[in-house]
Amino acid sequence: ATASARRTRLSGVPPTGGARPNPTRHAALLAWVERVAALTRPARIEWCDGSDQEWARLTDLLVERGTLLRLDPVKRPDSFLARSAPSDVARVEDRTFICSDREQDAGPTNNWREPAAMRAELDGVFAGAMAGRTMYVVPFSMGPLGGALSQLGVQLTDSPYVVVSMRIMTRIGAAALAELGADGDFVPAVHSVGAPLAVGVSEGGPGDVPWPCNETKYIAHFPATREIWSYGSGYGGNALLGKKCFALRIASVMGRDGGWLAEHMLILKVTSPQGRAFHVAAAFPSACGKTNLAMLTPTVPGWRVETIGDDIAWMRPGPDGRLRAINPEAGFFGVAPGTGHATNPTAVATMSRSTIFTNVALTDDGDVWWEGLTDTAPAHLIDWRGADWTPASTAPAAHPNSRFTVAASQCPTIAADWEAPDGVPIDAILFGGRRATNVPLVAQSLDWAHGVFMGATISSEQTAAAEGAVGALRRDPFAMLPFCGYNMADYWAHWLALGETLGAAGRPLIFQVNWFRKDAAGRFLWPGFGENSRVLEWILRRVEGAAAADLAPVGLVPAAGALDLDGLDLPAADLAALFEVDPASWLAECDLTEEFFARFGAALPPALTAQLAALRRRLDPV
Ligand code: GTP
Ligand code: SPV
Ligand code: MN
């Protein structure tokens with residue numbers, strides 16, 4: 001069709017309600033919306049204003065369509081359960097693409113596709129993809145509106161479930177659109193569930209399904225033009241494009257080009273009994289404890305923990321030369337299983353209302369349940385697939401990657417300054433993973449480069465957050481394996497360079513932690529959760545220069561008595577096992593690191609090769 005014919009057709013499309021159509025004078029935005037609509041051919045276009053009325057209208061509509069089930073309004077006010085298609089429950093890493101101009105800029109850890117070829121392929125896939133559905137225009141801000149570290153995006157989506165989820169996870173609507181003005185920069189993000197409706201079938205009516213999606217999926221990123229195209233999935237990380245696609249994959253490229261960092265990190269504020277406030281950022285792979293650490297209830301007397309973010313941190317050197325971090329998100333998309341009154345009471349309190357649960361179980365009285373919420377399971381449930389479940393059932397009631405979506409502002413431990421536009425100064429950075437063996441409970445890096453080496457060499461047992469074999473040990477450098485939008489070796493070089501920029505005075509201390517070490521019988525050696533505050537205490541005393549450390553081959557570990565174990569029933573043998581560094585196993589690990597590093601060829605920073613050699617010398621000093 002000619003451009004003018006297209007315009008005629010589009011301007012004839014009535015909005016279903018909500019904001020008036022085209023509530024912006026941003027010509028480039030309007031042209032892009034029109035272009036995508038001409039390609040995907042939605043039945044109507046709706047601009048989202050982010051209002052409470054819009055939330056009420058869309059959640060009602062989703063309940064009517066069977067996508068959401070309203071939970072008991074007394075037990076769980078304004079809250080909903082979604083059951084996804086059983087095939088659409090996690091991120092799809094093998095369908096995630098980085099379409100940089102040059103293959104080497106995607107690096108060996110990403111799936112690279114030549115941009116022009118991918119564009120042609122996507123043009124085919126997206127043609128008519130939204131037929132019969134509403135295309136929602138969702139302007140959003142990552143980071144507080146107008147903040148110095150914040151960025152704007154606009155997501156087009158044919159999924160109202162995605163709209164209501166984006167409303168929780170980011171700052172959507174009229175304010176973001178106003179911030180964009182008539183010519184502001186935004187990251188364009190197109191999302192379709194890939195389930196066009198046949199002529200005569202209406203959205204949510206007979207012939208439609210509660211959770212539309214497509215067996216074929218694409219999560220494609222164009223770093224040069226900062227574009228995102230997502231197709232075929234309605235699940236969190238695949239579909240809420242402000243999160244992993246923008247705030248990590250695209251933003252990491254922006255950070256590379258602009259001298260800042262986009263990281264898969266929680267941010268927390270810790271206040272000592274003496275009243276000194278510290279800020280900690282920590283990178284753990286998916287489903288390895290970020291949300292739990294961010295909401296930790298300390299067991300060490302006198303310490304206080306407040307939450308700033310649970311998944312993503314954007315960090316850049318501030319005017320005072322220190323590294324400052326913001327949480328670009330506005331909500332939590334947290335792992336449900338294992339989140340309970342005993343392990344994370346803060347999260348449980350956070351989701352007492354206005355929460356969307358996805359793929360958890362439904363109780364007979366209209367509330368939710370998952371493994372680990374309580375010690376004993378209810379006698380009867382409807383499981384995440386919608387089938388009857390009893391404690392005698394063999395499969396779990398909630399999917400292992402079932403999630404809660406809830407506003408950060410509802411968190412009882414949210415820090416007063418969690419939306420500070422200039423961020424908070426970071427004192428310590430933690431790298432962790434799920435390691436049954438080898439990696440000690442805590443070790444401080446010897447210097448910045450050693451800290452970068454610790455981050456670059458994280459390996460972790462794979463979890464249900466992505467499709468793939470759960471439990472398999474894999475390298476997940478900086479917990480960014482699935483999220484770095486460019487060559488991982490260039491990313492390490494960027495971290496090394498940032499250390500230079502920050503200088504000795506501005507650099508946070510770097511630590512490695514492991515809550516998941518096990519004994520031979522497979523039992524966790526460390527109680528974890530609130531008891532992790534003991535490790536935080538030692539870390540922050542190190543920042544103050546007030547805690548003793550011994551040099552171990554892998555880094556500085558707490559000197560005898562320096563880790564506060566008061567009141568903890570931890571056998572001496574378990575404590576020793578938590579810190580055991582077996583040179584033979586570690587030398588074997590060094591060989592694996594050498595193989596891993598070799599994948600990056602000439603892009604590997606020489607400083608990391610030097611770190612590996614130094615580690616080997618410390619393990620085998622002859
Ligand atoms: P993503 O949202 O996927 O990025 O995950 P996350 O890193 O935020 O992980 P989360 O805090 O949700 O924890 C994932 C799982 O690990 C949950 O089942 C937790 O109960 C469990 N977990 C978290 N912290 C600890 C800990 O200190 N010890 C043990 N044993 N398990 C933990
Ligand atoms: C993760 O997998 O790291 C998550 C969930 O935080 S998702 O948003 O799906 O990426
Ligand atoms: Mn995550």
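None of these values were measured; they are calculated from a predicted model.
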Chemist: Donor-acceptor pair, Ser79 side chain versus Pro77 backbone, under 3.5 Å?
Modeler: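 Judged by distance alone, yes, a pair lies under 3.5 Å.
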Chemist: Do Asn111 and Glu93 make a side-chain contact, defined as non-hydrogen atoms from C-beta onward lying under 4.5 Å apart?
Modeler: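 In short, these two side chains do not touch, never coming nearer than 4.5 Å.
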Chemist: Donor-acceptor pair, distance only, cut-off 3.5 Å: does the side chain of Thr67 make one with the backbone of Val63?
Modeler: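 No, the answer is negative, given that no donor and acceptor are paired below the 3.5 Å cut-off.
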Chemist: Can a donor-acceptor pair be found between the side chains of Glu121 and Trp229 at a distance below 3.5 Å?
Modeler: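 Per modelled atom types, Glu121 and Trp229 side chains form no pair under 3.5 Å.
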Chemist: Tell me yes or no: between the side chains of Tyr231 and Asn214, is some donor less than 3.5 Å from an acceptor?
Modeler: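 The answer is yes; a qualifying pair exists.
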Chemist: Any luck finding a side-chain donor-acceptor pair between Ser100 and Asp105 under 3.5 Å?
Modeler: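 Checked: Ser100/Asp105 side chains show no N/O donor-acceptor pair below 3.5 Å.
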Chemist: Ignoring hydrogens and geometry, is there a side-chain-to-backbone donor-acceptor pair from His399 to Arg385 under 3.5 Å?
Modeler: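 Absent.
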Chemist: If only side-chain N and O atoms count, and only distance matters, is there a donor-acceptor pair under 3.5 Å linking Glu203 with Thr134?
Modeler: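 Thr134 vs Glu203: donor-acceptor pair found between side chains.
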Chemist: Give the C-alpha distance, both sets of side-chain angles, the deciding distance and a yes or no for salt bridge (charged side-chain N to carboxylate O under 4.0 Å, His left out) between Glu227 and Arg119.
Modeler: CA-CA 11 Å; Glu227 269 171 278; Arg119 279 180 197 288; 2.8 Å; yes
Chemist: Under the 3.5 angstrom rule, does the side chain of Arg70 hit a backbone N or O of Asp60 as a donor-acceptor pair?
Modeler: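 No, the answer is negative, given that no donor and acceptor are paired below the 3.5 Å cut-off.
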Chemist: Would you call Glu179 and Arg171 a salt bridge, taking side-chain N to carboxylate O under 4.0 Å as the test?
Modeler: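 Salt bridge absent between Glu179 and Arg171.
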Chemist: May I ask you to check whether Tyr136 and Trp47 place their ring centers less than 6.0 Å from one another?
Modeler: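 No, too far apart.
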Chemist: Return yes if some donor-acceptor pair links the side-chain N/O of Ser192 with the main-chain N/O of Met130 below 3.5 Å, else return no.
Modeler: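 Checked: no pair found.
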Chemist: Quick one: pull up CG in Asn359 and CZ in Arg403 and give me the separation to the nearest 0.5 Å.
Modeler: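 One gets 11.0 Å once the value is rounded to the nearest 0.5 Å.
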Chemist: For Thr216 and Arg95, does a side-chain donor sit closer than 3.5 Å to a side-chain acceptor?
Modeler: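 Looking only at side-chain atoms, Arg95 and Thr216 do not form any donor-acceptor pair under 3.5 Å.
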Chemist: If only side-chain N and O atoms count, and only distance matters, is there a donor-acceptor pair under 3.5 Å linking Trp418 with Asn327?
Modeler: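 There is no such pair (donor and acceptor under 3.5 Å, judged by atom type) between the side chains of Asn327 and Trp418.
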Chemist: Is the side chain of Asn401 donor-acceptor paired with the backbone N or O of Ala466 at a distance under 3.5 Å, no angle test?
Modeler: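 Checking the backbone N and O of Ala466 against the side chain of Asn401, no donor-acceptor pair under 3.5 Å is found.
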Chemist: Between Asp78 and Ser354, do the side chains contain a donor N or O and an acceptor N or O under 3.5 Å apart?
Modeler: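 Note: Ser354 and Asp78 side chains meet the donor-acceptor criterion.
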Chemist: Between Asp257 and Arg226, does the salt bridge (charged side-chain N to carboxylate O under 4.0 Å, His left out) criterion hold? Intermediate values first, please.
Modeler: CA-CA 12 Å; Asp257 298 347; Arg226 318 285 197 232; 3.2 Å; yes
Chemist: Please determine if Lys290 forms a cation-pi arrangement with Phe284, meaning its NZ or CZ atom is less than 6.0 Å from the six-membered ring centre and no more than 45° off the ring axis.
Modeler: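 Checked: cation-pi criterion not met.
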Chemist: Report yes if the side chains of Ile228 and Val190 come closer than 4.5 Å at any heavy-atom pair, otherwise no.
Modeler: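 Sidechains of Val190 and Ile228: no contact.
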Chemist: Using a 6.0 Å cut-off, check whether atom CZ of Arg353 has over 12 heavy atoms from anything other than its own residue.
Modeler: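 Open: at most 12 neighbouring heavy atoms sit under 6.0 Å from CZ of Arg353.
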Chemist: Give a yes or no on whether the backbone of Ser165 and the side-chain of Thr405 come within a donor-acceptor separation of less than 3.5 Å.
Modeler: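 No; judged by distance alone, with no hydrogens or angles, the pair does not exist.
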Chemist: Salt-bridge test for Lys244 and Glu329: reply yes if a basic N is under 4.0 Å from a carboxylate O, no otherwise.
Modeler: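 Looking at Glu329 together with Lys244, the answer is no, because their closest N to O distance does not fall below 4.0 Å.
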Chemist: Please confirm whether Arg249 makes a cation-pi placement over Phe483, using NZ or CZ under 6.0 Å from the six-membered ring centre and within 45° of the ring normal.
Modeler: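 No; the conditions do not both hold, so Arg249 does not lie above the ring face of Phe483.
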Chemist: Taking the six-membered ring for Trp, are the ring centroids of Phe97 and Trp112 within less than 6.0 Å of each other?
Modeler: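 No; Trp112 has its ring centre 6.0 Å or more from that of Phe97.
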Chemist: Check Leu177, Val163, Thr157, Leu156 against Val137 for a side chain to side chain contact (heavy atoms under 4.5 Å, CB included) and give me the one that passes.
Modeler: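 The passing option is Leu156.
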Chemist: Are Phe478 and Tyr491 an aromatic pair, judged by ring center distance below 6.0 Å?
Modeler: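 Yes, close enough.
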Chemist: Can you label the angle between the Phe80 ring and the Trp55 ring as parallel, tilted or perpendicular, going by 30° and 60°?
Modeler: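 Ring orientation of Phe80 relative to Trp55: perpendicular.
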Chemist: Can Arg167 and Glu54 be counted as an ion pair, charged N to O under 4.0 angstrom?
Modeler: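 The answer is no: the pair does not qualify as a salt bridge.
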Chemist: Check whether the side chains of Glu34 and Trp32 place a donor and an acceptor atom closer than 3.5 Å, and report yes or no.
Modeler: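 No pair is found: no donor N or O on one side chain lies under 3.5 Å from an acceptor on the other.
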Chemist: Just checking, any donor-acceptor pair under 3.5 angstrom between side chains of His26 and Asp183?
Modeler: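 Checked: His26/Asp183 side chains show no N/O donor-acceptor pair below 3.5 Å.
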